[in-house]
Amino acid sequence: MAVINIGQGYTQLEEFAAALIMPMMSNRKYQELHTSVFNYTHIIALEGKIEAGKEERRLAIKRGDVDQRGRSKIDVIADGAWSKRSYKTNHNALSGVTEKAKSRKAFTSERNSRLKTGGGEEEKIVDSPNPDVEVLLGKPHIVEWCSENLHSTFPRLCESNKTRSPFSESDNFAESMKSPATHISNYLNNEEGKFFEKEEINETIVKSTKCDTESKDFKPKVYDLSISKYDSPKQPLLASFPKNKNKRAFNSKLYKHFNWIEYSIVKDQVYCFVCRHFTSTNEPQFERTFLNKGFNCWQKQAESFKYHAKTNYHKLNFEKYTMFLNLKCNKSYSSVASGIIHSRKKEVEDNRQHVYYLLKTTLYLAKQGIPFRGHDESKESSNRGNYIELLNMFCDDNVKLKLESRYGHYTSPEYQNDCIKIIASITRSNIIQQISPIGAFSILVDETKDTSKKEQLSFVIRFVDNEFNVFEKALGCYHMVKCNASALSQEIQKIVIENNLDINKCIAQCYDGASVMSGVFSGVQKRIADVVPKAIFVHCYAHRLNLCLIHSIQNNSIVVNFFDTVQSLYKYLMNGHTRYEIFMKVQEDKNLKAIHLEQLVETRWSYWHTSLQKIKMRITEILDVLKVLTVQDDQPAKALGLLKEVSTFRFVLVLHIMEKLLEAIHCLSCELQNPKILLPSSYGSSRFNKKRINNPKIRCNLGITVEEEQERNTRLRRKLQPSKKLEEYYVMSTTGKCESIKSLKVKNFKSEVFYCCIDRFLQQLNERFSEKSKDLFKLFEIFDVTSNNFFNPNCPHLIFFTNHYSYFQFNESKMLSEFPSAKSLILKKNITNLNLSDIISCLKDFPVAFSETLKIISLVLTLPISTASNERFFSSLKRVKSYIRSTMGDERLSDLLVVSVEKEEANKINLNDAVDSFSKLKIRRYPLM
């Protein structure tokens, strides 16, 4: 089919097949297929001409181009092409048709309707019939021929002659150009006949001069036969058929055996329906009886019908008729064209099904954080990787055949990246679409090193949806070659643009306390603020609290030594398999729940409290294990040192003190890690913890009830003096002395350890939780029912807030009317412990009435608190990019992390839409749409 369409033949097809190393058909087979394709194409082209003729007739009636009998007048426009034999006998070009219409025959109606033609300067009207024009135009029409090359021949069509021309009216010309140059209007006669009565047709056969019955273009125009192929064969049933001179008549029972015959009452003859309407004018016609002469030899009618049915041209025409009926019924096998369409549709469905399974497998592996590729993915390998093995396990047979093919399996790493990219991009789009119509968002950024020692920047946005739910969603991680403020700020702006976010709607930015991020003069927050002045900087509250804890104990040697001992205890018991098993066995023997000690990590601040809590719960079992390890372990000295240190009263007392102190701030630490926490709540929680820790009763009654007593190991009671023999030497070890008894008093521990840590911690809280944007945060008083500014529209803090975020165009006059109504509505609810969530639940049901109030609330909810979501993102980073996947590309890593972290959004993906996106990503070998 493709070779025929591009005008090539059998030789070119043979060369093409040889280049593809594929078997080739014979020349005879090629010619047969070529003929079949021509016949099918001819039918389809004829259908188009018929539809165009109907449309032309409709437009002619609409324009009013109708004669007195209601017959439409259609303009036929010829392009004036020239050919060698145009002006002789065959007239096989349109210029020949016009020449023929001009010089020899120009008649279109059995009632002497006239075709106007031009010859020289005078207009001639020829009344001679023209059967050739009759065939082209069907029933009588007034036809006007024109051509750019024939203006001299048809001066009446030129603009200079002031006569009607298709080119003089642009609308008529445009409408006429919609159809083919030659209209086959005889197929329209059934519908056109509605405009005149049958009684007007009193001539059954068109009379013509020089009408040769052997002309292959001639078909008898008998009104009681079928007009077009859209009709059914005319098979009238009469009481008695007329008899010939031999007293024989037509037998109507033959209709059942030969459904293709049709009988003319006027002519008393039988014709073949399929040969009349499906004989090609280009084909030689060997027998004319059933085509145009008519059959009336009634004594041998059955034998003649059988003989005609066996002829090759009748079989060919009947095959065309069958295909025409199938096409008319919209059957998929009706024609070559529809067969090709059906075949392509089936191919597209199979290809889409294959890509559907690929994307489904990609989605599963990406959500679970499972590796895709295997060490050996060849067909001989027993394990070809999770991606291919999962496809082979759960896909159908068609997909398995695709996977085994040389091309089009789409399982290579490049196509895997395409699938991952599509899934991740749709996930990001689902996240962006959730942002409320206000469009406000905050950016949260943090950095870390991955397994391959690359610096990765995690990008998270905080926003509010239409239901005022707060979300913190990750958009990916990005490899940073340079980590200076300029590179980081440019990368952040680039990420915002790539995700179709408006950077002017960024209201805040949240980072950790690193100087490159929080620098006032040239840090990232200052560079972003230069672009978006309203984007305030919020130092991560969770990082602040962690820094307060670290800096409050780092200058106290007793506490520092204590945490060093705790860390050494974890490494000694948890990292050795034998020691770990002994520790688990001791707990099991005492019927206790197995507890694992936890490591102290500076970035995981919640582990500090849980680590001390677990040591306190299992202090007795830890001592028992250390006693056993002093004898059985391969490092008895280390076990003995830890045993002596942990068994001291000082260690137990510091453990008790620090566990109580960390417990007081543990709730705040966990609350600050909640991604849905609001800034007013975090601001209030930090102030509450300050008051709680600074309370004198808490200081005195924080759980320290042990009595003052001396340390059990006090073997040296005399005053310690260094040996005189060591005066000239530098002593690097102890000489058996211990601290004085006075320093071991509990009250001194309270003042030197406990109170010291509390004071340092409060000092750090005051320094690190003092907001430079305090004026902006005072807006929270509007939503505090205990404040005098509760829903006060004239509050100065509200004015400052609206001026700062003037980009969102607050309506001050509307706020003056909304605030009193909102206040009365909320107070009528009689809600105890009213908070911002309760206010939102009361007002969100009236989005139009309280539009400005809800806009302010949306901005307040969008303000960030901490970068804990970024830390959780880094936890997934270590799981996805492990040491066995350290060579993963940066873009693939970012896409996999987005799908792995944002599983809820990835589950909403419509895989059929993902297949469409996959097909549009680049040109594919096989069609998908």
Side-chain angles (χ1 to χ4, degrees), residues 433-442 461-473 505 507-508 536 538 541 671-672 674-688 773-865 904:
Q433 290 173 2
Q434 293 185 36
I435 301 178
S436 65
I438 299 175
F441 66 93
S442 299
I461 60 171
R462 180 184 175 97
F463 61 90
V464 179
D465 66 356
N466 294 329
E467 298 296 326
F468 296 92
N469 299 315
V470 181
F471 294 98
E472 289 184 0
K473 298 292 185 179
K505 294 184 178 180
I507 65 172
I536 63 173
V538 178
Y541 275 62
E671 183 67 19
L672 292 177
N674 183 7
K676 296 187 177 182
I677 187 175
L678 306 181
L679 190 57
S681 302
S682 63
Y683 196 64
S685 299
S686 62
R687 288 185 298 174
F688 174 75
S773 304
K774 190 176 293 184
D775 294 336
L776 184 66
F777 294 158
K778 286 182 179 179
L779 172 75
F780 306 151
E781 295 180 4
I782 296 177
F783 307 112
D784 186 3
V785 70
T786 60
S787 174
N788 296 327
N789 291 323
F790 181 64
F791 276 95
N792 179 14
N794 298 319
C795 177
H797 310 311
L798 175 63
I799 298 174
F800 181 82
F801 185 88
T802 54
N803 291 336
H804 183 78
Y805 292 114
S806 58
Y807 178 83
F808 295 95
Q809 300 177 357
F810 294 97
N811 191 336
E812 297 181 0
S813 60
K814 196 171 182 180
M815 285 192 293
L816 292 174
S817 61
E818 286 184 9
F819 273 39
S821 302
K823 181 177 180 180
S824 60
L825 177 64
I826 294 169
L827 293 178
K828 284 182 181 180
K829 300 286 185 178
N830 296 325
I831 301 175
T832 57
N833 299 325
L834 182 69
N835 55 27
L836 188 58
S837 300
D838 299 327
I839 296 174
I840 295 172
S841 61
C842 294
L843 301 181
K844 71 177 182 179
D845 295 332
F846 310 97
V848 178
F850 302 104
S851 59
E852 299 302 313
T853 306
L854 293 174
K855 185 186 295 186
I856 295 174
I857 292 175
S858 297
L859 297 182
V860 171
L861 296 177
T862 309
L863 293 174
I865 309 302
E904 295 180 359

Close side-chain approach of Lys473 and Phe463, heavy atoms under 4.5 Å: yes
Nearest heavy-atom neighbours spanning Ser858 and Val464: O-CG2, 3.8 Å
Atom pair SG/CD1 of Cys795 and Ile782 - distance to nearest 0.5 Å: 4.5 Å
Side-chain heavy atoms of Ile536 within contact of Leu863, under 4.5 Å: yes
Pair listing, ring pair (Phe, Tyr, Trp, His ring centres under 6.0 Å) test, anchored in residues 838-857, at least two apart: none
When the side chains of residues 465-472 are checked against the rest of the protein, which donor-acceptor pairs come out under 3.5 Å, sequence neighbours left out?
residue: Asp465; atom: OD1; partner: Glu467; partner atom: N; Å: 3.2
residue: Asp465; atom: OD1; partner: Phe468; partner atom: N; Å: 3.1
residue: Asp465; atom: OD1; partner: Asn469; partner atom: N; Å: 2.7
residue: Asp465; atom: OD2; partner: Asn469; partner atom: ND2; Å: 3.3
residue: Glu472; atom: OE1; partner: Ser869; partner atom: OG; Å: 2.4
residue: Glu472; atom: OE2; partner: Arg462; partner atom: NH1; Å: 2.7

Close side-chain approach of Thr862 to Ser436, heavy-atom, < 4.5 Å: no
Within 6.0 Å of CG in Asn788, more than 12 heavy atoms from elsewhere: no
Point-to-point distance, once rounded to the nearest 0.5 Å, from CG of Leu779 to CG of Leu859: 9.5 Å
Which residues share a ring-ring contact (aromatic ring centres under 6.0 Å, His included) with Phe791, sequence neighbours left out: Phe783, Phe819
Rounded distance [0.5 Å steps], CD1 in Ile435 versus CD1 in Ile461: 4.5 Å
Pairing residues for Glu852 by the salt bridge (Lys or Arg N to Asp or Glu O under 4.0 Å) criterion, not counting sequence neighbours: Lys855
Spacing of Tyr805 atom OH and Phe800 atom CZ [to the nearest 0.5 Å]: 9.5 Å
Listed partners of Ser824 passing side chain to side chain donor-acceptor pair (under 3.5 Å), at least two apart: none
4.5 Å side-chain heavy-atom contact, Ser442 and Ile507: yes
Side chain to side chain contact (heavy atoms under 4.5 Å, CB included) involving Asn794 - partner list, sequence neighbours excluded: Asn792, Leu816
Note, Ile839 side chain near Asn835 side chain (heavy atom, < 4.5 Å): no
Minimum side-chain heavy-atom gap Ile840-Leu861 below 4.5 Å: yes
Pair Leu834-Asp784, side-chain contact (heavy atoms from CB on, under 4.5 Å): steps then yes or no: CA-CA 8 Å; Leu834 182 69; Asp784 186 3; over 6 Å; no
Only distances under 3.5 Å count here; give the side-chain donor-acceptor pairs of residues 808-815 to other protein atoms, sequence neighbours excluded, each with its distance to 0.1 Å.
residue: Asn811; atom: OD1; partner: Ser813; partner atom: N; Å: 3.3
residue: Asn811; atom: OD1; partner: Ser813; partner atom: OG; Å: 2.7
residue: Asn811; atom: OD1; partner: Lys814; partner atom: N; Å: 3.3
residue: Lys814; atom: NZ; partner: Ser851; partner atom: OG; Å: 2.8

Close side-chain approach of Leu827 and Phe790, heavy atoms under 4.5 Å: yes
Ile865 and Val538, any side-chain heavy atoms less than 4.5 Å apart: no
Contact list for residues 818-837, test salt bridge (charged side-chain N to carboxylate O under 4.0 Å, His left out), sequence neighbours left out: none
Any donor-acceptor pair under 3.5 Å from Thr802 side chain to Ile799 backbone: yes
